[in-house]
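A quick write-up on the structure given underneath.
Numbering of ligands and ligand atoms starts at 1, following listing order.
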Amino acid sequence: MQDRILVIDLGSNQNTDIAREIRSLGVFSEIHPHDLSEESLAALPNVKGIILNGGPNRVVDGVTIDASEAIYDSGLPILKVDHQEGPKWSPDLAKRREQIRMFIFDICQAEADWNVDNFIKEQVAAIREQVGDKQVLLALSGGVDSSVVAALLIKAIGNQLTCVHVNHGLLRKGEPEQVVEVFGKKLDANLVYVDAVDRFLDKLAGVADPEQKRKINGEEFIRVFEEEARKLDGVEFLAQGTIYPDIIESGTKTVKAVKSHHNVGGLPDDLQFELVEPLNMLFKDEVRACGDALGLPHDMVYRQPFPGPGLGVRCLGAITRDRLEAVRESDAILREEFARAGLAGKVWQYFTAVPDFKSVGVKDDARSFEWPVIIRAVNTVDAMTASIEPLPYELLAKLTYRMTHEVKGINRVLYDLTPKPVGTIEWE
Ligand code: XMP
């Protein structure tokens, strides 16, 4: 069992940075609220030291918060840091790393045993212990998190896991096929592939409002998943790809929620499962490292972020099948050319959108009346703000040529130069 260092949230906005820094030094670290109880603390194995991380949000509802007595009485080494009083983190990141290094290794004597292989070994044992000989269900979208959960569970419990892949018709080109190839064939998982394309597109037909599109998508997903779950006998557990930022962003005692933690909620009462969430202590880069170690394909593990409603919010306005294909094909060309230009891992998110209006052009010596493709390529740290990737002109010219010649229904290509704010990353 790995050693751990606790970061106690006393209103710092560097809790995540400090925990990540400790992990990068090879020691497991997690963030806890200031009022951690004696029982909760006792339930955490191998705690070697505690950092009381004070900061600007220390006054909550008019009261300056402090760590609980259980923390002070624990007898564990404590490092107290605050921006108002007492020792502070050095603003120089190399010096801050040294402060952390001295505390965790010299004072706490923690062992640097936090790595992916140990994590996988521990989780395999923990999953087996939690699940026993029972059946587990997983909604496998093929995104990074659900794919890594699937691979980890297959390693731990093999065919006690059933993966349900719902193809709602809004996935990128080649994605449903890759899920079948990797999980159904290579990893020989119990994979239920649900072709729900018609069902989703029929429900979405004529719906132009972005939020309404999202709502229909989410609800229909739950209905399809529910139907599949009812067909399976004796499932007691539901696995989910919840990761640590999902939990942190759900809000702490000193900072309000950034977003609510979205999971497969909304299932009916008679279909409630116990959750299996083996990645809920990992940051995204650690999830990726885990996927690598489990042998998943590189492009699956290093995939750029993709919105839950998929290409549906990039086929602007009311979705039609022909325009959706234009989004999918232009997106595939964009990804191919980005990879060829060495930009695939460098640009945070890039995609195409196709609006529901047409313009006049000339194709094969005849008048054409077709849609434009909009190219978007942005960089960001946290998706709250984003800047534009300045794409080379030659690349833009090549994309324009290919999209107007290879994608049915397209006669113009536009490059969106709007940062966030004022635009959002997606168009809907
Ligand atoms: P915006 O468009 O709000 O997007 O600047 C920020 C990031 O979130 C993704 N996004 C979504 N992800 N469900 C998701 O899971 C959604 O409905 C959704 N809408 C936007 C977007 O791709 C970007 O990475």
Per atom 24 (O) of ligand 1, closest listed option by heavy atom (Q349, R314, E211): Q349
Nearest non-hydrogen atom to atom 2 (O) of ligand 1 belongs to which of E426, R376, R214? E426
Before signing off on this row, confirm whether I425 and ligand 1 have an N or O atom pair separated by under 3.5 Å. yes
Do any nitrogen or oxygen atoms of G308 lie less than 3.5 angstrom from nitrogen or oxygen atoms of ligand 1? yes
Atoms of ligand 1 close to W348 [distance to a heavy atom under 4.0 angstrom, numbered from 1]: 24 (O)
Residue T424 vicinity, atoms of ligand 1 by number, heavy atom under 4.0 Å: 1 (P), 2 (O), 5 (O)
Would you mind listing every salt bridge (charged side-chain N to carboxylate O under 4.0 Å, His left out) that reaches into residues 373-384, with sequence neighbours excluded? R376-D416
What residue pairs, at least two apart or across chains, pass salt bridge (charged side-chain N to carboxylate O under 4.0 Å, His left out) with a residue in residues 293-302? none
Atom CZ of R214 and atom CG of D209: how far apart are they, to the nearest 0.5 Å? 10.0 Å
N15 and D9: side chain donor to acceptor below 3.5 Å: yes
Using 4.0 Å as the upper bound for N to carboxylate O, is an ion pair formed by R402 and E336? yes
Any heavy atom of F351 under 4.0 Å from ligand 1? The part involved is neither
Would you sort out whether E98 and K95 count as a salt bridge (Lys or Arg N to Asp or Glu O under 4.0 Å), showing the intermediate values? CA-CA 5 Å; E98 189 52 25; K95 286 193 186 132; over 6 Å; no
